[in-house]
> 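Following this message is one structure expressed as structure tokens.
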Amino acid sequence: MMERLFFGAVATVLIFSALMAVGTRNLVRAVLWLGLTLATTSMFYIMLNAPFLATLQLILYTGGVLSLMLFGVMLTRRSNEQEGVEVHNESNGQRRALPIVAVTAGLIVMAVGRTDLSVAAPAAAKPEIREIGQRILGAHLLAFEVLSVLLLAAMVGAIVIARRKDASLEGKDDPRDRAAALPGSRLSSDRET
Amino acid sequence: MGLESYVLIAGILFCVGLYGILTRRNAIGVLVSVELLVNAANINLAAFAHFGRGLDGQVFVLFTTALTVAEVVVGLALVILLFRRRKDILLDLANGLKG
């Protein structure tokens, strides 16, 4: 009974915060709601006897990804921009999105309904963090190494993409960029830099 | 709680994220929604690992976590590049590759 209540409460917070993260106009608030979603997910991990994942979730997502995203929001916000400019959706977009979401939801519910998922919950066991480490460096060693290469590639790629091309050209570029940012003008993206 | 409840909650979370991807105009809003999708998948993996009495699911969650972090880093770099070129990050206005 107690467990059911707790599960319901955590699930409610999870879904509500996810809805807010998707629905708020203000992007900073959306990112903070996402943080609540990610933190609540770690509750699920604890209920699923995976405390290592819960810790990692809090450190990596709520600590790392969230602050990165906040940096992103604040770096890309124009100083003269009103909050409302980040207009989230015209009704047109909603009308197109809702059928797709409805079909996906129907498919998920159908799949869950048709599959036999009635597995008895395992008896409470001690979480095996040592075993996880041994599996990562044992059976899944190749995936681990590939992942490290991928992280290196992502790091190099992020630096190359986000680097300023040439500091001396920035001053000359500025007025053109500002002119190109006027509504209706699409020239800036076509320009070769 | 049974396995179905976890799978259904993850399904709802996935649908919410999908809705966000389809309706957000702002690139960072889309990244937020992608996080929700990955999170739903992670909950499923952890749930199946728990109820299947194995640990490989948990190891898989670790890998997807690392993948997502890499994706966010590259995505934000692209967003910043887009902002520098166009002074906005509204995706429906970014049509520079249109033929």
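Hydrogens, waters and symmetry mates play no part in the numbers below; they use all other heavy atoms, side chains included. Letters A, B, ... mirror the listed sequences (proteins, then strands); counts begin at 1.
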> Please identify which of these residues, B/Asn26, B/Leu82, B/Val79, meets the side-chain contact (heavy atoms from CB on, under 4.5 Å) condition with A/Thr76.
B/Val79

> Can you check whether anything in residues 152-159 of chain A gets within less than 4.5 Å of chain B, heavy-atom wise, and list it by number?
A/Ala154, A/Ala158

> With distance as the sole criterion, is a donor-acceptor pair present between the side chains of B/Asn42 and A/Gln57 under 3.5 Å?
no

> CZ of B/Arg53: more than 12 outside heavy atoms within 6.0 angstrom?
yes

> What part of A/Val112 lies closer than 4.5 angstrom to a heavy atom of chain B: side chain, backbone, both or neither?
side chain

> Which heavy atom of A/Leu48 sits nearest a heavy atom of B/His50, and at what distance?
O-ND1, 3.1 Å

> Just to verify, which of B/Asn39, B/Leu31, B/Leu36 counts as forming a side-chain contact (heavy atoms from CB on, under 4.5 Å) with A/Leu34?
B/Leu36

> Using links of under 4.5 Å between side-chain heavy atoms of ILVMFWY residues, direct or through other members, which residues join A/Ile161 in one cluster?
B/Val74, B/Leu78, B/Leu81

> Show your reasoning for whether side chain to side chain contact (heavy atoms under 4.5 Å, CB included) applies to A/Tyr61 and B/Glu35.
CA-CA 9 Å; A/Tyr61 277 105; B/Glu35 287 300 304; 3.0 Å; yes

> Tell me if the CE atom of A/Met47 is crowded by more than 12 foreign heavy atoms within 6.0 Å.
yes

> Just by distance, do the side chain of B/Arg84 and the backbone of A/Ala162 share a donor-acceptor pair under 3.5 Å?
yes

> For A/Leu68, is it the side chain, the backbone, both, or neither that has a heavy atom closer than 4.5 Å to a heavy atom of chain B?
both

> With side chain to side chain contact (heavy atoms under 4.5 Å, CB included) as the test, would you mind laying out the steps for A/Phe144 and B/Leu62 before giving the verdict?
CA-CA 10 Å; A/Phe144 181 74; B/Leu62 297 182; over 6 Å; no

> B/Ile9 and A/Phe44: side chain to side chain contact (heavy atoms under 4.5 Å, CB included), yes or no, with the steps?
CA-CA 10 Å; B/Ile9 292 291; A/Phe44 267 148; 3.8 Å; yes

> Can you name the one residue among B/Val32, B/Val69, B/Val73 that meets side-chain contact (heavy atoms from CB on, under 4.5 Å) with A/Val65?
B/Val69

> Measure the CG-CD1 distance between A/Leu14 and B/Ile12 for me, rounded to the nearest 0.5 Å.
9.0 Å

> Can you check whether A/Val22's main-chain N or O pairs, donor with acceptor, with B/Arg24's side chain at less than 3.5 Å?
yes

